[in-house]
Engineer: 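One structure is given below, represented as structure tokens, and several questions about it will come after.
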Amino acid sequence: MMMRIVVPDHPSGRLTDAWRFCVGTGRFELALRRDYQDSLALIQREIGFRHIRGHGLLSDGVGIHRPYSYRGTRHVRHAFTYVDQVVDAYLDLGIAPFVELGFMPAELASGDQTVFWWGGNVTPPRSWSEWADLVRSTVAHLVDRYGIDQVRHWPIEVWNEPNLKEFWRDADQDAYHRLYEVTAHAVKEVDAELQVGGPALSPGADEWWLPFAEFVTARSVPVDFVSRHAYTSGPAQHVPFGTYQTLVPASGLLEQFGRPRQHLRGTDLADLPVHITEFNSSYRPDNPIHDTAFHAAYLAPVVAAGGDLVDSFAYWTFSDMFEETGVPTSLFHGGFGLLTHRQIKKPVYHLYAFMARMGEDVLARGPDYLVTRDADGRVTVLAWAPVDETGQRPPVDRHAVSLSVPIGPGGATSAFMLRSAVNEEAGNAWTAWCEMGRPRSPRPGQLDALREAAEPVRSHRSLPVVAGRVDLELTLGRHEVTLVEISAVVDETPPWWDDDRLLGLPSGTGTGTDEQP
């Protein structure tokens, strides 16, 4: 028989909101689309992220940098038509930008190297003063339109993964240091309290930390936070319109979260906030692992514990509206999103929605569970089944978690339990889509069926309270993530209520139901 874990009566700490501080998105101008805004509205209603970060704010598709010639002289106009529409939409939905400054406008770039299907230029500016003007003008516009008190809370990150030659020409460290220096000073010229940071490193670039710290310290360059990315997938195995990859254990993500502080120990940057501005299992937007129940169970321990290590960690991304490798060719295509196009919820979406319903006080945590309590006394249990990222062990189809949970003072004799679960069968639109024959463009009726299949399975029951506690026995299916909410019952049944009389029969005939409304 499995040992029951006795959850303490008193909290051991607070559950931080590092998991919801920021979420990733496709390139900036995608936010002009209706499906994008519908998807973000759903995310904000049920999860509620605080910031959103994506590439391409300064790329040509947004149209900020607009050189022109007048009377034989070159000038530059900075236009914010699309910027205003996007940021206005964000703020209306209760989310603010985590500003990433990149990529290079073509007319300012020193070369023609680009990244992604949509062609983000990744070369240094041919004029550092013109780049500084672009940064100052953009940041000053945000301050002018949205107010300094608000924009001071929007982190401003310099570039994206400059340690990779795909994102920064030749992965030139010295050139990036210059870019950071010019950019950071330009930001601070707008307002000294604006928050600027970097270097937004990809995994495997820990050798960049110390030179970056030494450079900014020696030259008194402002740094308000440091940032990096975290992924756990191996080399890409390409097939048409898809990718397969090996995975290391999810604990590898937590190890990556901890590395900035390890490498910056003893430097002037040691105590700065750490933002993981991208994280996921695979770094590919066409890996079907992202669509599965496995993925939700794989990431559950990371989402539950990541806030103990960093100030934020941003899931990459909230939606499959994402075109780095081209326009997706199928509804389910292995995209990064918590949602597919047309707002189909993936299992990992529910992991985040479950976290949004957790309490603030942490009562207990373990390798497969997190227990919290909110200010009203409601106890929440997030539990997850183990996964085998090697694919070599027999699947675990039944996983047990046994807890003794405190209900608190009040003398309640029963508690109400509501359970929501997703696994290989339940709350799993991917499975339903596969059973449909993997339609590339589902018809309206199929979309409706997929939305219904994507909802968690929910159950409820009454639990006896003995000595202020309830015993909770959970059996989780394969790759399940489950949320249990437990509240003490205050019985308000009126004295004249009689279930035996629901059909108008005399009391005591025993034909009523056992349930009370």
Side-chain angles (χ1 to χ4, degrees), residues 4 7 42 45-46 293 343-345 347 349-350 353-354 356-359 371 373-383 397-429 431-432 435-436 444-478 480-517:
R4 180 174 292 127
V7 176
L42 174 60
R45 283 196 305 271
E46 298 191 357
Q343 297 84 56
I344 308 295
K345 300 172 183 177
Y349 174 97
H350 296 298
F354 292 169
R357 287 154 62 182
M358 300 290 284
V371 185
R373 184 168 58 209
D374 67 14
D376 295 325
R378 181 181 60 104
V379 175
T380 49
V381 178
L382 182 73
D397 292 325
R398 293 174 63 85
H399 178 70
V401 177
S402 178
L403 301 169
S404 170
V405 179
I407 295 302
T413 58
S414 68
F416 175 74
M417 183 197 82
L418 176 65
R419 180 174 177 179
S420 306
V422 297
N423 53 45
E424 286 296 332
E425 300 297 328
N428 195 332
T431 296
E435 291 167 347
M436 282 182 180
Q446 291 175 311
L447 288 171
D448 289 341
L450 289 171
R451 290 192 185 100
E452 291 186 22
E455 288 302 307
V457 61
R458 293 184 172 94
S459 60
H460 55 84
R461 59 190 173 97
S462 176
L463 298 174
V465 178
V466 179
R469 289 182 166 270
V470 299
D471 290 336
L472 186 63
E473 305 290 341
L474 299 175
T475 300
L476 279 63
R478 188 179 180 191
E480 179 165 323
V481 178
T482 197
L483 176 73
V484 177
E485 302 170 79
I486 307 172
S487 301
V489 170
V490 177
D491 194 344
E492 298 182 357
T493 305
W496 58 83
W497 188 262
D498 188 344
D499 285 335
D500 286 342
R501 299 180 63 186
L502 284 176
L503 298 179
L505 300 177
S507 180
T509 58
T511 58
T513 69
D514 293 330
E515 298 181 16
Q516 297 179 353

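In this chain, residues are counted from 1 in sequence order. Atoms considered below: every heavy atom in the structure, side chains included; atoms not considered: hydrogens, waters and symmetry mates.
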Engineer: Please enumerate all residues that pass salt bridge (charged side-chain N to carboxylate O under 4.0 Å, His left out) together with D448, with sequence neighbours excluded.
Structural biologist: R451
Engineer: For the residue pair P506 and R501, what are the closest heavy atoms and their distance?
Structural biologist: C-CG, 4.3 Å
Engineer: Testing the basics here: between I486 and A415, what is the closest heavy-atom pair and its distance to 0.1 Å?
Structural biologist: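 Closest pair (atom of I486, atom of A415, distance): CG2-CB, 3.8 Å.
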Engineer: If only atom types and distance count, is the side chain of H350 paired as donor or acceptor with the main-chain N or O of N428 below 3.5 Å?
Structural biologist: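 No; zero donor-acceptor contacts below 3.5 Å.
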Engineer: Would you say the side chain of V470 lies within less than 4.5 Å of the side chain of M417, judging by non-hydrogen atoms?
Structural biologist: no
Engineer: Check side-chain hydrogen bond (donor to acceptor under 3.5 Å, both in side chains) between E485 and all other residues, then give those that pass, not counting sequence neighbours.
Structural biologist: R357, R378
Engineer: How would you list, by chain and number, every residue that makes a salt bridge (charged side-chain N to carboxylate O under 4.0 Å, His left out) with D397, sequence neighbours excluded?
Structural biologist: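 So D397 forms no salt bridge (charged side-chain N to carboxylate O under 4.0 Å, His left out) with any residue.
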Engineer: Could you grab the distance from atom CG of L450 to atom CD of Q343, nearest 0.5 Å is fine?
Structural biologist: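 Here the interatomic distance stands at 13.0 Å.
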Engineer: Can you list the residues that meet the salt bridge (charged side-chain N to carboxylate O under 4.0 Å, His left out) rule with E455, with sequence neighbours excluded?
Structural biologist: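 Per chain and number, E455 pairs via salt bridge (charged side-chain N to carboxylate O under 4.0 Å, His left out) with K345, R458.
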Engineer: Do V379 and V371 have side chains that get closer than 4.5 Å, going by heavy atoms?
Structural biologist: yes
Engineer: Give, for atom CG of L463 and atom OG1 of T413, the distance between the pair rounded to the nearest 0.5 Å.
Structural biologist: 12.0 Å
Engineer: If you compare all heavy atoms of I344 against all heavy atoms of L447, which two are closest, and at what distance to 0.1 Å?
Structural biologist: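 Nearest pair, atom of I344 first, then L447: CD1-O, 3.9 Å.
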Engineer: Taking R4 for the side chain and E473 for the main chain, is one N or O donor matched with an acceptor at less than 3.5 Å?
Structural biologist: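 Checked: no pair found.
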Engineer: Where is the tightest heavy-atom contact between V422 and P347, given as atom of each residue plus distance?
Structural biologist: CG2-O, 4.2 Å
Engineer: Using the test side-chain contact (heavy atoms from CB on, under 4.5 Å), find all partners of A426 that sit at least two apart in sequence or belong to another chain.
Structural biologist: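 By the side-chain contact (heavy atoms from CB on, under 4.5 Å) rule, A426 matches N423, V457.
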Engineer: For R478, give me all partners under side-chain hydrogen bond (donor to acceptor under 3.5 Å, both in side chains), at least two apart in sequence or on another chain.
Structural biologist: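 Partners of R478 by the side-chain hydrogen bond (donor to acceptor under 3.5 Å, both in side chains) criterion come out as none, since no residue qualifies.
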Engineer: Return the minimal non-hydrogen interatomic distance between R419 and L474, and the atom names on each side.
Structural biologist: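 Looks like NH1-CD2, 3.7 Å.
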Engineer: If you round to the nearest 0.5 Å, how far is CZ of R398 from CD of E480?
Structural biologist: 10.5 Å
Engineer: Identify the two heavy atoms, one from F354 and one from V481, that lie closest to each other, and give their separation to 0.1 Å.
Structural biologist: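 Heavy-atom minimum between the residues: CE1-O, 3.6 Å.
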Engineer: Are the side chain of S404 and the backbone N or O of D471 linked by a donor-acceptor pair below 3.5 Å?
Structural biologist: no
